[in-house]
Amino acid sequence: MATLGNYEYYKGIGDIKYEGKESDNPLAFKYYNPDQVVAGKTMREHFKFSVAYWHTFCGLGADPFGPGTQQFEWDKSSDPIQAAKDKADAAFEFITKMGFGYYCFHDFDLIREASTFSESESRLATITEYLKEKQAASGVKLLWGTANCFSNPRYMNGAATNPDFNVVARAGGQIKLALDTTVALGGENYVFWGGREGYMSLLNTDMGRELDHMGRFLTMCRDYARAQGFKGNFFIEPKPMEPSKHQYDFDTATAIGFLREYGLDNDFKINIEVNHATLAQHTFQHEMEVAAKAGMLGSLDANRGDYQNGWDTDQFPNNIQETTEAMLVFLKAGGLQGGGVNFDAKIRRNSTDLEDVFLAHIGGADTFARALLIADKIINSSPYETLRKARYSSFDSGKGLEFEKGNLKLEDLYNIAQENGELPLKSGKQELFENIINQYI
């Protein structure tokens with residue numbers, strides 16, 4: 001059927017171009033101008049937009065109440081090798097038409113898992129060689145790879161944290177293959193998402209032992225990849241629950257504490273997903289701020305949840321106010337450390353036209369681009385930064401500065417409190433900050 005680049009799956013859709021906010025063309029960027037320089041970098045360099053293989057080329061729209069509504073032409077072949085090549089052709093056609101430079105995958109997004117471990121290894125090796133050709137022909141790169149160690153029933157009790165050592169070993173073997181694939185394809189990073197690294201009930205769980213096992217497992221993975229010449233970052237992607245009741249990578253702060261406890265913080269950073277942040281009762285910008293303070297703001301999975309639904313809906317981002325607040329953190333942190341903005345999002349079940357996936361990615365890219373432009377103006381043209389600094393001005397000199405330098409004792413604070421007596425209230429001016437955001441939007 002399809003061969004290397006000579007078959008068109010997305011017929012009638014050409015390259016997506018930047019046409020500006022006055023354009024009425026739905027298949028054009030209104031704000032994402034990849035060559036526009038903002039805060040010293042082009043938008044392309046800031047974002048490194050990536051397409052998620054699993055949602056865009058594997059997701060058929062199934063939900064708990066019905067099968068998928070999509071029928072992809074690249075899924076027709078019964079031969080797993082040919083089907084994987086067809087999917088790769090479709091993927092690279094879409095990515096290049098979008099003008100994005102990256103993609104991300106789970107191992108068995110690329111090709112169907114076989115009935116035996118050795119055959120799965122052979123299949124991955126075959127599709128890896130084909131993907132090398134696709135990358136060379138298109139210039140598209142691999143932002144990160146990962147392994148699906150959560151869908152197969154063998155991982156119902158976890159992978160690295162499974163109480164059965166043989167399952168842990170199988171997970172190790174699978175991740176070795178995923179690391180090999182990532183390294184062979186020049187992947188810039190590697191992600192660990194512990195979909196079932198947690199528990200359903202503490203009654204049958206030795207949490208301390210499982211955490212130790214996960215720390216040991218990640219150390220082995222790091223050591224192996226480094227020995228293969230992998231120079232990139234390893235990312236942890238936090239999520240509080242779902243499918244497990246409680247997952248060990250609950251949120252960014254929890255993941256950072258874990259990495260520090262097991263001596264992994266020099267090699268690992270955080271991949272933050274918007275919908276996972278909200279499931280943890282945080283905002284996206286909160287999670288970014290926590291990671292940035294620790295020097296671990298590695299990468300972003302761009303999506304959103306539904307405020308009326310308490311699960312991971314993986315919708316495309318479109319909330320300009322929330323994304324603007326996130327881009328303020330992004331710019332003040334100096335951007336991402338190694339990663340990019342991966343559209344870990346899926347079109348809705350009733351969006352069944354092939355053009356819908358283009359419209360979704362265009363909207364997501366424009367949301368981030370517009371938010372970046374607004375955030376840059378707020379930082380450089382509004383009183384935002386001055387107001388923030390003024391709130392902490394008492395620490396810039398005198399006793400406040402001495403406190404920050406560690407030169408005061410608790411008795412000194414006592415004496416200062418005695419001298420000051422009762423203090424007047426100082427407004428946080430929250431409404432003013434909110435109005436500045438709205439003004440620049």
Below 4.5 Å, heavy atoms only, C-beta onward: do Phe105 and Thr146 meet side chain to side chain? no
Can Asp396 and Lys389 be said to form a salt bridge (charged side-chain N to carboxylate O under 4.0 Å, His left out), step by step? CA-CA 9 Å; Asp396 293 336; Lys389 290 178 181 178; over 6 Å; no
Please test Asn162 against Asn157 for side-chain hydrogen bond (donor to acceptor under 3.5 Å, both in side chains), starting from the C-alpha separation and ending with a verdict. CA-CA 5 Å; Asn162 198 289; Asn157 292 312; 5.2 Å; no
Check whether the side chains of Asp301 and Asn342 place a donor and an acceptor atom closer than 3.5 Å, and report yes or no. yes
Is Lys239 salt-bridged to Glu242, cutoff N-O under 4.0 Å? yes
Qualifying residues under side chain to side chain contact (heavy atoms under 4.5 Å, CB included), relative to Lys426, sequence neighbours excluded: none
Taking only residues two or more places apart in sequence, or in another chain, which ones meet Ala169 in a side chain to side chain contact (heavy atoms under 4.5 Å, CB included)? Phe165
side-chain contact (heavy atoms from CB on, under 4.5 Å) partner of Leu336, chosen from Asn233, Leu297, Ile272: Leu297
Can you list everything that forms a side chain to side chain contact (heavy atoms under 4.5 Å, CB included) with Ala159? Sequence neighbours excluded, please. Cys149, Tyr155, Ala171, Glu197
Applying ring-ring contact (aromatic ring centres under 6.0 Å, His included), name anything that partners Tyr440, two or more places apart in sequence or on another chain. none
Check the orientation of Phe368 and Phe47. Use parallel for under 30°, tilted for 30 to 60°, and perpendicular for over 60°. perpendicular
Tell me every residue that passes ring-ring contact (aromatic ring centres under 6.0 Å, His included) with Tyr31, counting only those two or more places apart in sequence or in another chain. none
Would you say the side-chain atoms of Glu289 and Gln285 include a donor-acceptor pair closer than 3.5 Å? no
Can you list the residues that meet the ring-ring contact (aromatic ring centres under 6.0 Å, His included) rule with Tyr102, with sequence neighbours excluded? none
Distance-only check: which donor-acceptor pairs under 3.5 Å involve side-chain atoms of residues 207-222, not counting sequence neighbours?
unit_1: Glu210; atom_1: OE1; unit_2: Tyr248; atom_2: OH; d: 2.7
unit_1: Asp212; atom_1: OD1; unit_2: Tyr262; atom_2: OH; d: 2.6
unit_1: Thr219; atom_1: OG1; unit_2: Gly215; atom_2: O; d: 2.8
unit_1: Arg222; atom_1: NH1; unit_2: Asp267; atom_2: OD2; d: 3.4

Salt bridge (charged side-chain N to carboxylate O under 4.0 Å, His left out) partners of residues 328-342, not counting sequence neighbours, each pair once: Lys332-Glu385
From Asn350 atom CG to Ile347 atom CD1, the distance as rounded to the nearest 0.5 Å: 9.5 Å
Partners passing ring-ring contact (aromatic ring centres under 6.0 Å, His included) against His55 (at least two apart in sequence or in another chain): none
Please list all pairs passing the ring pair (Phe, Tyr, Trp, His ring centres under 6.0 Å) test where one or both residues lie in residues 315-338, with sequence neighbours left out. His46-Phe330, Phe316-His361
Parallel, tilted or perpendicular: which one describes the rings of Phe192 and Tyr190, with boundaries at 30° and 60°? perpendicular
Test ring pair (Phe, Tyr, Trp, His ring centres under 6.0 Å), reference His106, set Trp193, Tyr53, Phe150, Trp144, output is Phe150
Check against side-chain hydrogen bond (donor to acceptor under 3.5 Å, both in side chains), Tyr199 and Asp206: CA-CA 10 Å; Tyr199 63 82; Asp206 186 336; over 6 Å; no
State plainly whether the residues Arg304 and Glu322 are in salt-bridge range, i.e. N to O under 4.0 Å. no
Assign the ring pair Phe403 / Phe395 to parallel, tilted or perpendicular, where the plane angle (0 to 90°) is split at 30° and 60°. tilted
List in chain and number order the residues that pass salt bridge (Lys or Arg N to Asp or Glu O under 4.0 Å) with Lys377, two or more places apart in sequence or in another chain; answer none if no residue qualifies. none
Only counting residues at least two apart or in another chain, list the ones meeting salt bridge (Lys or Arg N to Asp or Glu O under 4.0 Å) with Lys97. Glu8, Glu93
